[in-house]
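One structure is given below, encoded as structure tokens.
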Amino acid sequence: MSDTTATAAFGLGGGQYTIANIVFSGLALVVLLYFLNTLYVAYLGPLSKFPGPPLRAYTTIPLIHTLFTGLDPQVYPALHRKYGPIVRIAPNQLSFNGGAQPWNEIYGFRKPGSGKPFKDPSFYGKAFNGVDGPITANDENHSRQRKILSHAFSDKALKEQEPLLKRWAEKMRDRMSQQADAGQKVDVLKMLNCTTFDIMGDLSFAEGLNMLDEGEYSPWVKTIFGSIKQATFVRGIKIYNAFTEYMVSEFLGKSKYARDKGAAHFGYCIERVNRRLEREPDRPDLWSRILEKSPLGSEGGLSLDEHHSIASLFMVAGTETTATALSGTTFHLLKNPDILANLTAEIRTAFGSLQDMHLENLAKQKYLMAVLQEGLRMYPPVPIALPRRSPAGGMMVEGEFIPAGTSIAVHQYSTYNDESHFKHAGEFHPERWLGDPEFKDDHLNALEAFSVGPRNCLGKSE
Ligand code: HEM
């Protein structure tokens with residue numbers, strides 16, 4: 001090829017046909033194509049029909065900013081108020097707050113053979129040992145694991161744990177009373193976290209973490225809280241683009257710092273699970289029921305690695321969530337003395353002492369149940385969105401076609417704070433759950449704090 005032909009062919013002009021120029025032109029072309037593609041996706045692509053802030057259609061930076069600043073429960077309700085029940089919150093991401101319909105369409109059970117949304121991999125991370133527990137397992141492993149684990153969460157199994165739950169509740173009450181009698185301030189959130197972690201340790205491994213005794217978070221629990229924040233930060237970097245996702249998975253995720261941090265939490269789990277598997281406690285715990293269904297080494301049962309992953313999940317999923325729900329509800333009760341007085345009256349009329357309280361008769365206290373529901377609505381422990389990806393071939397949600405691979409989710413706090421679902425949404429009104437005519441137009445089925453469908457919360461009691 002002559003210089004002139006090459007110059008013409010590469011469009012370089014002026015006889016500048018050098019390797020550097022070719023590389024530079026190639027890079028410029030890639031940047032141009034990337035830019036044009038971004039513009040196409042933002043303004044002409046299949047998600048361009050959905051409303052949302054223009055910048056969010058173009059880049060994930062606002063999404064990451066919201067994540068890093070922790071303003072999720074402020075930003076997304078405001079976006080839904082402005083743009084409606086479906087909002088494009090990133091180039092490839094839609095947020096829903098339309099109530100029961102998107103809950104069922106995105107998360108609910110589906111007919112066999114119909115395309116099914118799956119968990120968005122950019123949100124969900126595997127357990128430290130790389131072995132899936134129920135949160136990240138594929139459908140086949142998930143249903144195998146869930147069948148085994150459900151046995152430990154049946155009504156019968158929970159009834160069996162009643163003395164344990166009562167013992168810890170009494171301990172929490174005594175501890176709080178001691179502090180109050182001594183004129184000290186009571187950090188209710190901390191007390192509740194100490195209690196739920198002690199309970200989960202005792203339920204899972206037949207040994208508490210002694211946090212209520214110490215009145216302080218144990219090093220393990222501090223590690224768990226730290227790793228929740230760290231995981232959020234890592235997720236923010238990952239979702240920027242494919243390159244940052246690769247860098248996080250290949251380098252940051254495998255760095256010594258990340259490995260040491262992950263190993264600390266996981267190490268505590270491994271140690272306790274192994275210790276528990278070596279002995280039979282003098283009273284049944286969750287693992288007694290799990291091992292009943294799946295003896296170690298049995299075909300189709302849980303592997304030792306799965307036991308570790310599941311224990312590490314239980315310690316996160318069942319503790320901070322419950323403590324958050326109870327502390328949020330306590331906050332709203334203290335802000336609403338009339339409601340607190342009604343609740344106190346119901347409980348003191350029904351029970352002479354703590355000894356009279358049982359799981360069964362507590363569940364029959366209508367006002368108590370309404371207060372807890374309203375607490376979950378006003379202060380959901382998972383206030384964010386748990387994203388799924390739409391399946392190959394796309395799917396319909398709220399009558400709109402969603403193309404394959406789109407990240408879709410119901411945003412909990414936006415749903416529960418929307419006046420179209422709940423009258424006086426920003427106020428605490430347990431009466432709405434008790435058939436009060438003032439709230440007759442409320443969409444009570446928009447509240448799904450434990451999610452719905454095959455992957456809903458295992459700890460939810462019906
Ligand atoms: C108020 C307390 C709780 C709330 C609001 C809550 C909420 C949730 C939600 C929204 C999910 C779905 C996660 C997803 O789609 O990725 C979930 C899953 C799960 N939760 Fe809870 N949870 C609570 C308490 C508990 C408790 C006490 C346990 C007991 C260990 C527990 C164990 C689990 C497990 C194992 C899963 C995974 C289930 C599966 O994928 O099959 N949770 N929870």
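Numbering of ligands and ligand atoms starts at 1, following listing order.
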To the nearest 0.1 Å, how far is [atom] from its closest protein heavy atom, and which atom is that?
{"atom": "atom 34 (C) of ligand 1", "result": "L458 CB, 3.8 Å"}
{"atom": "atom 29 (C) of ligand 1", "result": "F153 CE2, 3.6 Å"}
{"atom": "atom 20 (N) of ligand 1", "result": "C457 SG, 3.2 Å"}
{"atom": "atom 26 (C) of ligand 1", "result": "G318 CA, 3.3 Å"}
{"atom": "atom 13 (C) of ligand 1", "result": "L386 CD1, 3.7 Å"}
{"atom": "atom 14 (C) of ligand 1", "result": "Y124 OH, 3.4 Å"}
{"atom": "atom 37 (C) of ligand 1", "result": "I135 CD1, 3.6 Å"}
{"atom": "atom 1 (C) of ligand 1", "result": "F450 CE2, 3.8 Å"}

Original post:
Taking the minimum heavy-atom distance to atom 5 (C) of ligand 1, which of A317, A385, A449 ranks first?
Top reply: A449

Original post:
When you measure from atom 12 (C) of ligand 1 to each heavy atom in R455, K460, E448, which option holds the nearest one?
Top reply: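 Result: the heavy atom closest to atom 12 (C) of ligand 1 is in R455.
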
**OP:** Measure centre to centre between the rings of F331 and Y379, then say whether the value is under 6.0 Å.
**Re:** no

Original post:
So, do Y76 and Y413 have ring centers that fall under 6.0 Å from each other?
Top reply: no

Original post:
On the ring face of Y124, is K119 found with NZ or CZ under 6.0 Å from the centre and within 45° of the axis?
Top reply: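 Yes, K119 and Y124 form such a contact.
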
**OP:** Answer yes or no for R377 and F422: cation-pi contact, defined as NZ/CZ to six-membered ring centre under 6.0 Å and angle to ring axis within 45°.
**Re:** yes

Taking the basic N atoms (NZ, or NE/NH1/NH2) and the acidic carboxylate oxygens, is any pair closer than 4.0 Å for [X] and [Y]?
{"X": "R167", "Y": "D202", "value": "yes"}
{"X": "K116", "Y": "D139", "value": "yes"}
{"X": "E160", "Y": "K156", "value": "no"}
{"X": "K423", "Y": "D441", "value": "no"}

Original post:
When you measure from the side chain of S288 to the backbone N and O of D285, does any donor-acceptor pair fall under 3.5 Å?
Top reply: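 At least one qualifying donor-acceptor pair exists.
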
Original post:
Does N92 offer a backbone N or O that forms a donor-acceptor pair with the side chain of S407 under 3.5 Å?
Top reply: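 Side chain of S407 to backbone of N92, a donor-acceptor pair under 3.5 Å: no, none is there.
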
Original post:
Is ligand 1 under 4.0 Å from a heavy atom in the side chain of Y107, in the backbone, in both, or in neither?
Top reply: neither

Original post:
Using heavy atoms and a threshold below 4.0 Å, how should the contact between L313 and ligand 1 be classified: side chain, backbone, both, or neither?
Top reply: side chain

With a cut-off of 4.0 Å, which atoms of ligand 1 are near a heavy atom of [X]?
{"X": "P134", "value": "39 (C), 40 (O), 41 (O)"}
{"X": "M200", "value": "29 (C), 30 (C)"}
{"X": "G459", "value": "26 (C), 28 (C), 31 (C), 32 (C)"}

Short N or O distance, [X] and ligand 1, threshold 3.5 Å exclusive:
{"X": "K119", "value": "yes"}
{"X": "R146", "value": "yes"}
{"X": "R388", "value": "yes"}
{"X": "T321", "value": "no"}

Original post:
Just checking, is any N or O donor in the side chain of H332 or E374 under 3.5 Å from an acceptor N or O on the other one?
Top reply: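 No - no donor-acceptor pair under 3.5 Å links their side chains.
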
Original post:
Side-chain donor-acceptor pair under 3.5 Å between E170 and Q355, yes or no?
Top reply: yes

Original post:
Could a heavy atom of H142 be found less than 4.0 Å from some atom of ligand 1?
Top reply: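 Yes.
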
